[in-house]
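First listed ligand is number 1; within each ligand, the first listed atom is number 1.
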Amino acid sequence: MISSTGIPDVQQNMIHAPGGLFITVEGADGTGKTTHAGLLADRLRKEGRDTILTREPGGGGAVASALRELLLHGDDMADRTELLLFFAARSEHVAHVIRPAINSGSIVVCDRYTDSTLAYQGYGLNIPLEMIYRLHEIATGDLWPDLTILLDLDPAESADRLHDHNRMEGRGMEFQHRVRNGFLSLAETAADRYVIVPSSGPMEEVHAAVWDAVRARLPLQQTGCAGS
Ligand SMILES: Nc1ncnc2c1ncn2[C@@H]1O[C@H](COP(=O)(O)OP(=O)(O)O)[C@@H](O)[C@H]1O
Ligand SMILES: [Mg+2]
């Protein structure tokens, strides 16, 4: 974003090209993130927006994909190893996919990002949040989303929806409750970028609520377009 003086704003979150927008879809396992990130990206493209759909961990190329395999299906690892691997994958993702896209004016829809690390490794595994915020700054240059859609659902209901189970999902119900409540706390802390969408209704209803939240943000990103 260019300030009124014509000098590029140095704040990391303010360097998007006109039209660039970074949206994350968050929530515990089985809340519908992958479903709704996909529906949202389709909708944005239908509206003529240049949109990239990506996910974590694993978005960002070969190194990030290899890290995803380790994180979701690898053998037992120390909690801090897991934390560092998530941020290593995120660093790749931001450098190779997310920043280039928003800096060229695209909309990025990302299925999970740092809020998932705060919820799972912070609230879920009790790693101090300050440590996670510091790693986020190092790994991403402190890039935060413009908008975070939090899909919220009772873990009992999410469990009924899930068919495949990975390492994270195998941590049990109590863990899933801590993750859900962690996300709700994060939404309170960063209320300016969070929209909570209850995810228990039919897909069309949830999608409509997601779309309302996104549409409300879109015009703000268009005001800098030259000649428009
Ligand atoms: N609103 C909904 N109602 C019923 N089932 C849903 C809804 N949204 C998603 N699902 C189903 O729940 C399962 C988990 O959804 P998914 O998008 O993979 O969740 P996540 O990525 O958050 O783990 C999928 O089988 C999906 O089809
Ligand atoms: Mg998913």
With only distance considered, is [X] within less than 3.5 Å of ligand 1 through an N or O on each side?
| X | answer |
| --- | --- |
| Gly30 | yes |
| Val206 | no |
| Thr34 | yes |

_So, 4.0 Å and heavy atoms of Gly201: is ligand 1 close enough to count as a contact?_
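A heavy atom of Gly201 does come that close to ligand 1.
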
Checklist entry - Would you say Gly27 contacts ligand 1, with heavy atoms under 4.0 Å as the rule? => result no

Next on the checklist: When you measure from the side chain of Arg68 to the backbone of Phe86, do you find a donor-acceptor pair of N or O atoms at a distance under 3.5 Å?
Outcome noted: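 Such a contact is absent between Arg68 side chain and Phe86 backbone.
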
- Between Glu26 (side chain) and Tyr113 (backbone), is there a donor-acceptor pair under 3.5 Å? yes

List the steps and the verdict of salt bridge (charged side-chain N to carboxylate O under 4.0 Å, His left out) for Glu130 and Arg134. CA-CA 6 Å; Glu130 306 78 58; Arg134 279 178 58 202; over 6 Å; no

### Message
Under 4.0 Å between a side-chain nitrogen and a carboxylate oxygen: does that hold for Asp29 and Arg161?
### Response
no

Query raised in the report: At a 4.0 Å threshold, what atoms of ligand 1 neighbour a non-hydrogen atom of Thr35?
Result: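 Near Thr35, meaning under 4.0 Å from one of its heavy atoms, ligand 1 has 9 (C), 15 (O), 16 (P), 17 (O), 26 (C).
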
Next item on the list: Please identify which atoms of ligand 1 are closer than 4.0 Å to at least one heavy atom of Pro202.
Entry: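 Ligand 1 atoms under the 4.0 Å threshold to Pro202: 1 (N).
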
Heavy-atom proximity to atom 13 (C) of ligand 1 ranks first, among Lys33, His36, Arg161, for Arg161

Group every Ile, Leu, Val, Met, Phe, Trp and Tyr by side-chain heavy-atom contacts under 4.5 Å, then state whether Val25 and Val197 land in the same group.
yes

I'd like to know if the side chain of Tyr120 pairs up with that of Arg112 as donor and acceptor (distance under 3.5 Å, no hydrogens or angles considered).
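The criterion, which ignores hydrogens and geometry beyond distance, is satisfied for Arg112 and Tyr120.
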
inquiry  = Tell me whether the Mg ion (ligand 2) has Thr34 as a neighbour, meaning an N, O or S atom of it below 2.8 Å.
reply    = yes

Parallel, tilted or perpendicular: rings of Trp144 and Tyr133 (30°, 60°)
tilted

